[in-house]
Amino acid sequence: MSTEDRPPAPRSLAEALRARGDASLGALLRSRPDLITPVPTDLTQLATRAGTRASVVRALERLDRFALQTAEALAVAADPAAYGELLGLMAGDDADPAVVAALPHALDGLREQALVWGDDDRLRLVRTARELLAPSPQHPSPTGLGPTVQEATAGMSPGRIQEIVTAAGLASTHDSVSAMTALAGLFTDRTRMAALLAGAPADSLDVLERLVWGPPYGQVTADPAPRLRWLLDRGLLLPTAPGTVVLPREVALHLRRGLAHRTPEPLPPALETAAVHRPQVVDSAAAGQAYTALATVEELLKDWDEGGPAVLRAGGLSVRDLKRTAVALDVPEPVAAFWVELAYAAGLIASDGEADERYAATPAYDEWRELPAAERWSRLVTAWLAATRTAGLVGGRDAKDRTLSALGPGLDRSAAPEVRHRVLALLAGLPEGAAPAAGSVLARLRWERPLRGDRREDDLRGRLAEWALSEAEQLGVTGRGALSAQGRALLGAPAAPAPGPEAEPSGPGDKLPVHHHHRPAPLTALSPAEQAVASAAAARLLAPLLPEPLDHVLLQADLTAVAPGPLQRPLADMLGVLADVESKGGATVYRFTPGSVRRALDAGQAASDLHAFLAAHSRTPVPQPLAYLIDDVARRHGHLRVGAASAYVRCDDDAVLSEILADKRAAGLGLRRLAPTVLAAQADPAGLLEGLRSMGFAPAAESAEGDVLITRALAHRTPPRTAPEPVPDGPPVPDDTLLAAALRAVRAGDLASTTPRKPGTAPAASGELPRTGAAETLATVQAAVLTGEALWIGYVNAEGAASQRVIAPIRVEGGFVTAYDHTADEVRTYPLHRITGVAELADDAG
């Protein structure tokens with residue numbers, strides 16, 4: 001393209017945006033959705049918003065390490081800078097080929113993000129980004145560079161400047177500006193600068209070596225040592241404040257051989273594989289973990305079935321209740337916190353909202369229990385993927401130094417879903433069965449989103465990634481550290497890359513490095529509808545790998561029953577009432593005790609029902625000791641009756657009541673005889689039942705009518721509750737419909753605001769609507785109908801929103817004008833009374 005044919009260089013970010021196509025603008029708005037919240041009126045307002053501090057900070061934090069290094073280099077380059085200068089800062093005098101190859105892509109990304117604009121010969125970093133990244137005494141540059149010679153000598157006396165120029169071997173000049181220009185020219189001339197430093201004392205060079213990579217500031221006394229005096233005399237160190245000196249940027253760049261960064265990182269770190277397993281082994285291990293996850297959540301909710309722990313006044317579980325839950329689940333407390341938070345995120349538990357507020361299962365839990373096992377798993381992992389609540393923070397401290405509790409406030413971290421998805425996406429990029437080294441995953445994530453500044457939570461993403469790897473293993477998304485087939489389907493990921501010859505393990509657990517110097521296409525987060533399809537696909541892959549529920553147990557002569565696998569729901573529920581779980585694992589061992597048998601009788605079962613149940617579900621004959629235990633407990637069950645007086649005990653055998661009264665253990669119950677067969681008690685009925693059972697009796701509760709009260713374990717449920725909504729990380733990414741509408745509106749507003757007007761008709765201030773009287777408006781519109789000319793109008797809609805439009809009137813009647821609206825690209829009708837004014841367009845308006 002010749003110079004004449006080349007479009008003029010943009011003079012502002014707004015002009016640069018105006019030259020973009022819709023695809024490029026759409027990519028910008030997708031990557032920075034805060035720019036269309038709300039939709040800007042035109043491209044000038046869009047450019048202004050893109051330069052605000054909050055928006056620029058958010059954009060910088062989403063850059064990868066090399067793109068951020070490129071922006072930092074531009075911040076210490078000239079403004080504007082030529083591409084050659086930027087390349088020198090990034091690749092150095094040796095022109096690192098990897099940097100040379102990667103820099104155009106990084107620069108295009110910065111342009112796409114509207115952080116850089118201008119042609120290659122006039123690159124400009126957005127002013128706010130330059131202010132954030134350029135070096136200053138208060139905020140050192142990440143490059144470690146200091147101010148330029150010009151900046152460091154501002155305010156220095158002309159006499160002192162001339163002394164420095166002379167000592168450096170330059171000719172005196174008539175003014176300070178030309179003197180500093182000459183000095184900067186010396187420092188940027190590799191040959192002359194090398195000659196100057198060749199005559200430096202060795203200890204002076206040592207001082208420069210200590211400052212060259214930053215920080216560039218140092219302290220000096222009022223009488224500097226000779227090695228410092230030599231540097232100060234020649235401007236190789238410049239005073240910035242009493243007792244403080246700085247290494248000028250030009251000197252540092254010479255010593256660094258032109259590099260703005262000590263270690264440019266154009267390529268992401270390699271992902272290394274710690275072990276490679278057969279895919280079938282990975283899927284089986286993951287399925288085993290998935291089954292354990294379901295069993296753990298069910299056990300947690302069963303433990304809270306009749307009402308769980310109390311809700312703290314500030315919200316959440318107490319430390320004691322979390323410890324109790326951990327003991328019940330037989331897991332460490334951090335793991336217990338994860339399962340509690342997962343059940344909460346899935347909408348399976350919530351607070352009941354009662355005066356004595358407690359946590360309990362929700363009605364959604366009963367629906368969830370009835371689903372097939374694979375679907376129950378997919379519900380859990382889908383909730384986990386999207387949840388912003390972060391169980392790993394439990395036990396830590398918030399900004400006000402308050403302890404963060406499970407189910408309590410302050411656990412939301414909006415970056416959590418993105419980090420989980422990214423971690424799994426990295427695993428999906430490895431060959432099937434490959435388990436990555438955790439350190440290489442963290443290094444890769446830090447490259448993709450480098451840490452900036454010294455904020456307290458700078459390494460939050462690293463911790464989130466570690467938790468994501470651990471939680472994915474506990475949930476069965478990964479098996480033995482590798483992504484399972486169902487985990488891959490959960491992401492909507494394509495088939496895994498085939499392993500190369502070097503990735504074949506020679507034995508289990510071999511450590512084989514797998515380097516990925518290319519950048520695989522990143523997996524994008526799925527929409528809710530896409531995620532539902534992916535979750536269903538994952539459930540279908542998992543279903544054949546889960547064990548089938550059994551309809552039988554093996555009864556043992558030692559009053560135990562062995563369940564060799566998962567049990568069908570009715571069998572598991574009934575056995576859970578009739579016996580106590582003694583041990584869990586591949587097989588579950590239940591033990592029958594007098595207390596557990598009495599619990600079944602209290603739930604309304606008769607002895608004959610229990611015998612029939614065991615005979616129907618045991619692959620072995622019912623052992624005689626177990627049959628005797630059931631009959632013995634049933635024979636004594638209900639012999640005593642407890643009701644409400646505060647409470648009373650009645651029994652047809654007055655000798656039994658006499659025995660109770662004589663027992664010292666009954667002293668705390670406050671018993672006294674009302675009749676030969678009735679005792680009154682000061683204790684409540686529940687306390688009286690427990691007290692008599694601890695004394696070896698088997699009382700039964702009765703109703704006010706004298707019937708045996710069946711104390712069936714009725715589940716306590718909260719009112720209907722919705723799962724907690726994730727806390728978004730800024731405005732949501734716009735969908736295609738919203739994006740198309742936003743682009744259309746911005747283009748329309750920009751057309752209205754930039755179309756040339758006839759002289760004398762433009763508004764007083766940019767963006768101000770045209771103002772004309774009603775008669776003039778009507779006359780101008782009617783004339784435009786006859787001539788076919790386009791008009792610029794100001795319009796206020798029914799909601800009071802003002803806009804500028806370019807229209808070509810077609811007809812005027814009944815107080816309305818029908819016109820082709822160039823800004824909306826369609827025919828519309830406008831009430832004349834809502835048009836604030838009209839202006840004719842210039843003859844050459846395109």
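No hydrogens, no waters, no symmetry mates; every other heavy atom, side chains included, goes into these values.
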Exercise. Between Arg234 and Trp230, is NZ or CZ placed under 6.0 angstrom from the six-membered ring centre and within 45° of the ring axis?
Worked result: yes

For this session: Using atom types as modelled and distance alone, determine if a side-chain donor or acceptor of Arg249 lies under 3.5 Å from a backbone N or O of Val76.
Result: yes

Problem set entry | Short N-O contact, Arg461 and Glu418, less than 4.0 angstrom | yes

Exercise. Roughly how far, to the nearest 0.5 Å, is the CZ atom of Arg422 from the CZ atom of Arg449?
Worked result: 9.5 Å

Problem set entry | Results of side chain to side chain donor-acceptor pair (under 3.5 Å) for Asp412 - residues two or more places apart only | Thr388

Seminar exercise, completed: Across all chains, not counting sequence neighbours, the side chain to side chain donor-acceptor pair (under 3.5 Å) partners of Glu466 are none

For this session: List for me each residue that meets salt bridge (charged side-chain N to carboxylate O under 4.0 Å, His left out) alongside Asp189, sequence neighbours excluded, and say none if there are none.
Result: Arg192

Exercise. So, the side chain of Glu250 versus the backbone of Val149: is there a donor-acceptor pair under 3.5 Å, distance only?
Worked result: yes

Exercise. Does the Asp119 side chain pair with the main chain of Arg122, one donor and one acceptor, at a distance under 3.5 Å?
Worked result: no

For this session: Quick one: list whatever passes salt bridge (charged side-chain N to carboxylate O under 4.0 Å, His left out) with Arg190, sequence neighbours left out.
Result: Asp93

Problem set entry | Residues that Asp120 engages under salt bridge (charged side-chain N to carboxylate O under 4.0 Å, His left out), provided they are two or more places apart | Arg111

Exercise. Can you name the side chain to side chain donor-acceptor pair (under 3.5 Å) partners of Arg257, sequence neighbours left out?
Worked result: Asp94

For this session: Evaluate side-chain hydrogen bond (donor to acceptor under 3.5 Å, both in side chains) for Thr153 paired with Arg160, printing each intermediate quantity in order.
Result: CA-CA 10 Å; Thr153 57; Arg160 177 58 183 152; over 6 Å; no

Exercise. Quick check: does any side chain N or O of Glu85 sit under 3.5 Å from a backbone N or O of Ala77, one acting as donor and the other as acceptor?
Worked result: no

Problem set entry | Asp203 backbone acceptor or donor facing Arg227 side chain under 3.5 Å | no

For this session: Examine distances only and state if a side-chain atom of Gln69 and a backbone atom of Glu265 form a donor-acceptor pair shorter than 3.5 Å.
Result: yes

Exercise. Is a salt bridge present between Arg210 and Asp206, judged by a nitrogen-to-oxygen distance below 4.0 Å?
Worked result: no

